2 protein chains.
Amino acid sequence: MIDFVLDKRSPVPFYRQIADQVLAGVSRGAIAPGDRLPTIREMAVNLEVNPNTVVKAYSYLEMMGVLDTQQGSGVYVRRGAASGALSETERRRMLGDLCRDFVGRAQTLGFDLAEVVERLEQMRG
Amino acid sequence: MIDFVLDKRSPVPFYRQIADQVLAGVSRGAIAPGDRLPTIREMAVNLEVNPNTVVKAYSYLEMMGVLDTQQGSGVYVRRGAASGALSETERRRMLGDLCRDFVGRAQTLGFDLAEVVERLEQMRG
DNA sequence: ACAAGTGTACTATAGTCATAGCACAATGAT
DNA sequence: ATCATTGTGCTATGACTATAGTACACTTGT
């Protein structure tokens with residue numbers, strides 16, 4: 001199973017960060033339809049958040065039709081969720097959020113956007 | 001004076017977006033030390049936010065030592081706020097850390113570095 | 001049947017962000 | 001001196017996020 005990670009300094013709420021990582025995982029095939037996700041309590045312990053926060057993330061994904069929860073058993077990736085897990089629009093939204101967050105932090109530290117982009121270009125090798 | 005803009009869909013709070021733009025402006029010389037910023041009420045009207053939100057942004061910047069407010073007169077950029085307190089080495093290290101962190105998060109969400117850079121280029125408008 | 005593990009549901013508390021509205025104090029132009 | 005403009009300070013409200021704790025119901029393996 002994927003390594004889930006939280007950025008506690010990000011303004012993006014935890015439940016959203018969790019949901020985004022599940023979506024991304026399903027979208028690129030790292031999590032397959034039918035797979036069982038970590039239990040609510042397990043995920044909560046690993047990420048050091050309240051179980052309710054994980055519940056919120058999972059519920060959100062169930063509303064989107066990506067997950068299927070079976071009481072007493074676990075939370076599973078819905079069959080047929082693979083292809084449509086992330087529409088192009090949602091992907092763009094996620095990327096937008098990510099970049100805005102990043103640029104905001106960079107500017108707070110006094111970096112110009114051009115300077116940042118240049119640095120990233122270097123990282124491409 | 002700079003064109004201040006808010007992204008209302010961003011998870012970054014308004015007061016922080018305002019503060020970031022002031023910081024960036026001062027940092028790159030678009031706002032000079034001694035310059036008078038837009039008044040609280042004026043800024044609030046332009047950005048369509050509550051005056052209290054602008055107050056919060058300005059107060060935040062005053063705590064950082066960037067601004068100097070004079071009751072009844074206006075809010076000014078502090079003399080000596082321009083020259084950064086960071087050495088070039090420290091700046092480069094901070095930028096490196098920031099970028100590595102960012103790239104890691106982007107990859108967690110399944111984005112390719114090239115794709116991310118392209119998106120950032122767009123944000124330069 | 002039982003026990004352990006799982007999801008469900010609820011209440012209460014707290015912090016942050018933003019809005020709304022009001023009264024007060026200092027400045028600057030006239 | 002007066003008045004419009006500016007910043008200051010306060011209270012209250014609402015939405016959202018997250019935490020804490022509890023009780024309950026279903027599933028699975030034994």
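Residue numbers begin at 1 in each chain, while the letters A, B, ... track the order of the sequences. What you see is a predicted model; the values in this text were computed from it and never measured.
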side-chain hydrogen bond (donor to acceptor under 3.5 Å, both in side chains) contacts in which one or both residues fall within residues 30-50 of chain A, not counting sequence neighbours
A/N50-A/N52
Mind listing the side-chain donor-acceptor pairs of residues 114-125 of chain A below 3.5 Å, one per line with the distance, residues two or more places apart or on another chain?
unit_1	atom_1	unit_2	atom_2	d
A/E115	OE1	A/D112	N	3.3
A/E115	OE1	B/R91	NH2	2.9
A/E115	OE2	B/R91	NH2	2.5

Name all pairs fulfilling the ring-ring contact (aromatic ring centres under 6.0 Å, His included) condition that reach into residues 89-122 of chain B, sequence neighbours left out, sorted by first residue then second.
A/F102-B/F102
D/dT19 P sits how many Å from A/K8 NZ, rounded?
6 Å
Give the rounded distance in Å between these two atoms: CG of A/L6 and C1' of D/dT17.
13 Å
What is the separation between atom CD on A/Q17 and atom P on D/dT17, rounded to the nearest whole Å?
12 Å
Which letter, B, S or -, goes with each nucleotide of nucleotides 24-30 of chain C from 5' to 3', with contact meaning a protein heavy atom under 4.0 Å?
-BBBS--
In whole Å, I'd like the distance from the CD1 atom of A/I40 to the P atom of D/dT19.
14 Å
Taking only residues two or more places apart in sequence, or in another chain, which ones meet B/Y58 in a ring-ring contact (aromatic ring centres under 6.0 Å, His included)?
none
Rounded to whole Å, please give me the gap between OH in A/Y15 and C1' in D/dA15.
12 Å
Pairs where residues 2-15 of chain A contributes a residue and the test salt bridge (Lys or Arg N to Asp or Glu O under 4.0 Å) is met, not counting sequence neighbours
A/D7-A/R105, A/D7-B/R105
Hey, does B/Q17 have a side-chain heavy atom less than 4.5 Å from the side chain of B/S10?
yes
Comparing nearest nucleotides in DNA chain D, the 5'-proximal residue of the pair B/Y58, A/R16 is B/Y58
Strand contacts (DNA chain D) in residues 47-56 of chain B, 4.0 angstrom heavy-atom criterion:
B/N52
To the nearest angstrom, the CD-C1' distance between B/E62 and D/dT8 comes to 11 Å
How many whole angstroms separate atom CG of A/L37 from atom C1' of C/dG5?
17 Å
Show the numbers, then the answer: is there a side-chain contact (heavy atoms from CB on, under 4.5 Å) between B/V22 and B/F4?
CA-CA 9 Å; B/V22 172; B/F4 290 93; 3.7 Å; yes
Can you give the donor-acceptor pairs under 3.5 Å from side chains of residues 66-76 of chain B to other protein atoms, not counting sequence neighbours?
unit_1	atom_1	unit_2	atom_2	d
B/S73	OG	B/Y76	OH	2.7

Quickly work out the A/F14 CZ to C/dG15 C1' distance and round it to whole Å.
12 Å
What pairs meet the salt bridge (Lys or Arg N to Asp or Glu O under 4.0 Å) rule with one or both residues in residues 12-23 of chain B, with sequence neighbours excluded?
B/R16-B/D20
